[in-house]
Asker: 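Next up is a structure, given as structure tokens.
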Amino acid sequence: MAAAPRPGLQREQQRAADIIRLLSLYRPLLDAYVIDFFAEGLWAQLPPPWQVALASATPPQLAGLLGGQRGGPGATWPLSLLAFAAAARALAFPRGGGGPAPRPPCHSARLHPLLRRHIKPKKQHEIRRLGKLLQRLSQATGCDRVVDVGAGQGHLSRLLAFGLGFSVTAVEGDGRLAATAEHFDRELLRELGKTGGSGNAEGPPRCPQPPPRRPPPPLTPRAPRHVAGRLDPKAPWGEFLLPPDPPAPTPNARNPLGGPGGAEGGQRVLVTGLHACGDLSPALLRHFARSPAVAALASVPCCHMKLSTPPQPPGDPFGYPLSSWVAKLPGHQLSYRAREGACHALEEYVGRLDAESGSLRVHCYRAVLETLIRAAHPGMRRPGVQTVKKAHALSFPQYARLGLPRVGLDPATVALESEAVGAMLEQQHKVVAFFSLSLLLAPLVETLILLDRLLYLREQGFQCALVPLFNPRFSPRNLVLVAARTPLGAALSGLEEDSDEDAGDTEPPEEGQSPPAPGAARGPQ
């Protein structure tokens with residue numbers, strides 16, 4: 001007789017099943033593209049009581065509905081809509097960031113000045129927080145070697161190596177990014193030679209700098225080792241590299257992590273991936289699960305729409321679902337649109353609604369443009385128009401004259417100021433309301449994807465947890481999956497206090513200077 005699931009596992013399995021049931025009830029909303037709003041009559045697909053309430057809702061009231069404040073002054077929602085919103089919020093994994101809005105992200109006063117170079121404040125926030133977590137995992141596992149997969153330009157790897165003293169191997173599938181990372185390393189080493197690690201040659205920061213509670217420690221001249229290569233999810237650990245794409249300008253090692261036990265030099269390693277795209281995050285989980293040399297894993301995913309799903313060619317692993325539990329639940333399938341929606345920035349859009357930002361009109365512009373495109377070219381559906389810069393500051397005709405040529409249409413042949421176009425533009429508030437409803441489901445889909453990964457590891461007996469590591473107002477993909485072969489309690493306790501300390505350790509923007517924008521919702525321009 002099979003052993004009964006542990007209580008924690010049962011709760012997670014039940015949450016996954018409940019999410020799938022809720023998503024199945026609202027699948028038309030889940031799979032709808034807001035740019036089809038007029039072309040496919042999406043408003044009429046909502047329950048009539050919802051239509052009445054949403055048609056008169058102000059943007060701040062919609063913000064309240066998304067944020068759980070019951071819609072703000074004067075909002076009266078149907079009970080079925082309140083129940084939908086409450087269920088979506090209750091089942092989604094907590095993302096943190098509650099309470100008053102934090103100071104806008106700026107340069108981290110607790111990050112060494114030389115490590116801030118080439119890095120936006122959002123990324124500084126992320127690498128500092130992930131670096132702290134990896135320090136804790138290192139103490140819990142006794143490992144001081146880190147493999148950073150999908151390392152990009154090496155910002156996290158430099159912090160781990162120069163700032164925290166880890167032995168780091170940075171793996172990147174784009175040979176150009178790997179070369180750039182090595183260039184930045186050499187640049188930092190030259191500065192270290194001049195300043196002895198103090199960073200004084202950096203010059204004054206771009207933001208007024210309050211004294212940090214603790215000054216950043218000096219750097220050590222210990223550069224990461226960069227390897228250009230793509231991860232092969234089917235190969236054994238230590239032999240997982242395929243040639244980079246495009247090829248690296250310098251030769252890359254085929255098996256840089258090989259050796260007894262499958263780790264560099266025969267030692268165990270920590271593996272991390274900061275915003276590892278699409279199938280790269282599931283591949284890291286598979287390598288952890290089958291490779292005893294990997295002592296612990298900290299995975300922060302992104303680009304859920306790029307996940308592969310069944311059917312796949314025989315022998316090719318897919319990115320979702322991973323767990324046997326989710327795979328057997330009826331209705332677990334997630335469309336491309338549902339997975340793309342999971343990448344939206346809910347907190348950022350709530351801010352736009354609260355401020356009644358002019359940028360809210362962009363979804364309506366794109367939906368009207370889609371209607372005109374289909375009228376002019378009936379066989380064309382959702383062509384990529386690409387981003388029109390500052391589209392919200394343009395009139396619709398100005399926007400359309402920039403967008404139509406990008407899909408091969410002559411604006412002179414399309415009526416851009418007709419009565420029909422005007423009637424659609426007057427329904428902007430309905431487009432905003434419809435998109436807001438779809439955003440309620442975005443954290444739910446992301447929760448299901450990450451919960452599937454958590455269950456995959458739980459089913460094999462591993463210690464694992466989902467942690468809201470970054471502030472979601474700065475970093476929409478803020479949940480990290482942490483897994484280890486030893487208990488995680490000591491590594492994860494106190495992370496909340498660390499977050500509170502970090503909130504007071506950023507430099508504010510200069511007076512009159514706009515703060516850097518946090519991760520924006522994926523727009524339809």
Side-chain angles (χ1 to χ4, degrees), residues 5-6 8-9 11-13 15-16 93-94 126 129-150 156 160 166 169 171 231 233 236-238 240 257 261-263 267-302 304 307 317 319-326 446-470 477-495:
R6 298 183 303 278
L9 178 60
R11 286 193 299 270
E12 290 154 357
Q13 290 174 336
R15 177 181 282 204
F93 196 84
E126 293 166 352
R129 295 286 292 142
L130 187 53
K132 280 189 174 183
L133 175 60
L134 289 167
Q135 277 185 306
R136 289 168 170 269
L137 289 174
S138 173
Q139 292 164 0
T141 60
C143 293
D144 66 352
R145 293 173 176 265
V146 178
V147 179
D148 179 12
V149 181
L156 173 62
L160 297 175
F166 284 106
T169 299
V171 180
L231 197 71
W237 175 256
F240 59 54
L257 308 174
Q267 298 185 30
R268 296 184 306 154
V269 296
L270 308 176
V271 173
T272 190
L274 176 54
H275 294 152
C277 183
D279 280 350
L280 183 54
S281 289
L284 294 182
L285 266 65
R286 287 191 170 96
H287 276 294
F288 166 78
R290 66 178 180 232
S291 306
V294 184
L297 168 79
S299 168
V300 188
C302 74
H304 301 308
L307 288 170
Y320 173 87
L322 288 180
S323 69
S324 59
W325 174 259
V326 170
E446 181 167 50
T447 295
L448 178 59
I449 291 170
L450 298 182
L451 197 53
D452 169 58
R453 298 174 186 179
L454 190 77
L455 289 168
Y456 166 76
L457 294 173
R458 288 256 198 262
E459 288 168 355
Q460 300 176 71
F462 293 114
Q463 300 277 328
C464 49
L466 277 170
V467 180
L469 190 64
F470 311 138
R477 306 282 67 75
N478 76 320
L479 294 167
V480 57
L481 178 57
V482 187
R485 301 176 187 278
T486 54
L488 280 169
L492 300 183
S493 65
L495 276 177

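Along the sequence shown, the residues carry numbers beginning at 1. All heavy atoms count here, side chains included; hydrogens, waters and symmetry mates do not. All values derive from a computational prediction rather than experimental measurement.
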Asker: Would you check if V271 and H287 make a side-chain contact, meaning some heavy-atom pair closer than 4.5 Å?
Answerer: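 No, side chains not in contact.
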Asker: Shortest non-hydrogen contact from P468 to F93?
Answerer: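 That would be CD-CE2, 4.3 Å.
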Asker: Can you name the nearest heavy-atom pair linking R477 to P301, along with the distance?
Answerer: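 Closest heavy-atom pair between R477 and P301: CB-O, 3.6 Å.
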Asker: Given 3.5 Å as the limit, does a donor-acceptor pair link the side chain of R268 with the main chain of R145, or not?
Answerer: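 Between the backbone of R145 and the side chain of R268 there is no qualifying donor-acceptor contact (under 3.5 Å).
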Asker: Looking only at heavy atoms, which two atoms of R136 and A491 are closest? And how far apart?
Answerer: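 Residues R136 and A491, closest heavy atoms: CD-O, 2.9 Å.
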Asker: First locate atom OG of S291, then atom CG of L284, and finally report the distance between them rounded to the nearest 0.5 Å.
Answerer: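 Result: 11.0 Å between the selected atoms.
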Asker: Taking all non-hydrogen atoms of both residues into account, name the closest pair between L451 and A16 and its distance.
Answerer: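 Heavy atoms only, the tightest pair is CD2-N, 3.5 Å.
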Asker: Do L469 and L130 have side chains that get closer than 4.5 Å, going by heavy atoms?
Answerer: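 SC-SC contact between L469 and L130 confirmed.
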Asker: Given the ring of Y320, does R453 sit roughly above its face, with NZ or CZ under 6.0 Å from the centre of the six-membered ring and within 45° of the axis?
Answerer: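 No, R453 does not sit over the ring of Y320.
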Asker: What are the two closest heavy atoms between P282 and L307, and how far apart are they?
Answerer: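 Closest pair (atom of P282, atom of L307, distance): CG-CD2, 3.8 Å.
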Asker: With a 4.5 Å cut-off on side-chain heavy atoms, are R286 and P317 touching?
Answerer: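 They are in side-chain contact.
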Asker: For the backbone of I449 and the side chain of H304, can you confirm whether one donor and one acceptor N or O come within less than 3.5 Å of each other?
Answerer: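 Answer holds: no.
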Asker: Kindly indicate, with the supporting measurements, whether the criterion side chain to side chain contact (heavy atoms under 4.5 Å, CB included) is fulfilled by L297 and L285.
Answerer: CA-CA 8 Å; L297 168 79; L285 266 65; 3.5 Å; yes
Asker: Heavy atoms, side chains only, cut-off 4.5 Å: are T272 and V480 in contact?
Answerer: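 T272 does not reach V480 side chain to side chain.
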Asker: Can any side-chain N or O of R485 pair as donor or acceptor with the backbone N or O of A296 at less than 3.5 Å?
Answerer: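 No: the side chain of R485 does not pair with the backbone of A296.
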Asker: For T486 and Q463, test the side chains for any donor-to-acceptor distance below 3.5 angstrom and give the result as yes or no.
Answerer: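 No donor-acceptor contact under 3.5 Å links the two side chains.
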Asker: Looking at CZ of R129 and NZ of K132, how far apart are the two atoms once the value is rounded to the nearest 0.5 Å?
Answerer: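 Taking CZ in R129 and NZ in K132, the distance rounds to 6.5 Å.
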Asker: Is it true that a side-chain atom of S299 and a backbone atom of S281 form a donor plus acceptor pair closer than 3.5 Å?
Answerer: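 Between the backbone of S281 and the side chain of S299 there is no qualifying donor-acceptor contact (under 3.5 Å).
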Asker: Taking all non-hydrogen atoms of both residues, which atom of F288 and which atom of A483 are closest, and how far apart?
Answerer: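 Reported closest heavy-atom pair: CE2-CB, 3.7 Å.
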Asker: In Å, rounded to the nearest 0.5 Å, how long is the span from OG1 of T141 to CG of L270?
Answerer: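 Rounded to the nearest 0.5 Å, the OG1-CG separation comes to 4.5 Å.
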Asker: I'd like to check Q135 versus F166 (side-chain heavy atoms, cut-off strictly below 4.5 Å). Are they in contact?
Answerer: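 A side-chain contact under 4.5 Å exists here.
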Asker: Can you tell if the side chain of V300 reaches within under 4.5 Å of the side chain of L479, non-hydrogen atoms only?
Answerer: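 No; the side chains remain at least 4.5 Å from each other.
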Asker: Taking the side chain as every heavy atom from C-beta outward, state whether Y456 and W325 have any pair of such atoms under 4.5 Å apart.
Answerer: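 A side-chain contact is absent here, since even the closest heavy-atom pair is not under 4.5 Å.
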Asker: Quick check on side chain to side chain contact (heavy atoms under 4.5 Å, CB included): which of D148, V482, L160 does L134 satisfy it with?
Answerer: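 For L134, the side chain to side chain contact (heavy atoms under 4.5 Å, CB included) check succeeds only for L160.
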Asker: What do the steps show when you test L231 against L280 for side chain to side chain contact (heavy atoms under 4.5 Å, CB included), and what is the final call?
Answerer: CA-CA 7 Å; L231 197 71; L280 183 54; 3.5 Å; yes
Asker: Taking the side chain as everything from C-beta on, heavy atoms only, tell me whether C143 gets closer than 4.5 Å to V269.
Answerer: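 No; the side chains remain at least 4.5 Å from each other.
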Asker: Enter the distance from L455:CG to S324:OG here, rounded to the nearest 0.5 Å.
Answerer: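 Rounded to the nearest 0.5 Å, the CG-OG separation comes to 8.5 Å.
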Asker: Report yes or no: do S323 and D452 form a side-chain donor-acceptor pair below 3.5 Å?
Answerer: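 Result is yes, a qualifying pair exists.
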Asker: Measure the spacing between CG of L450 and CG of L466 and express it to the nearest 0.5 Å.
Answerer: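 L450 CG to L466 CG: 5.5 Å, rounded to 0.5 Å.
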Asker: Apply side chain to side chain contact (heavy atoms under 4.5 Å, CB included) to the pair V467 and L481, showing each step before the final yes or no.
Answerer: CA-CA 6 Å; V467 180; L481 178 57; over 6 Å; no
Asker: How far does CZ of F470 sit from CD of E126, to the nearest 0.5 angstrom?
Answerer: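 The distance works out to 5.0 Å.
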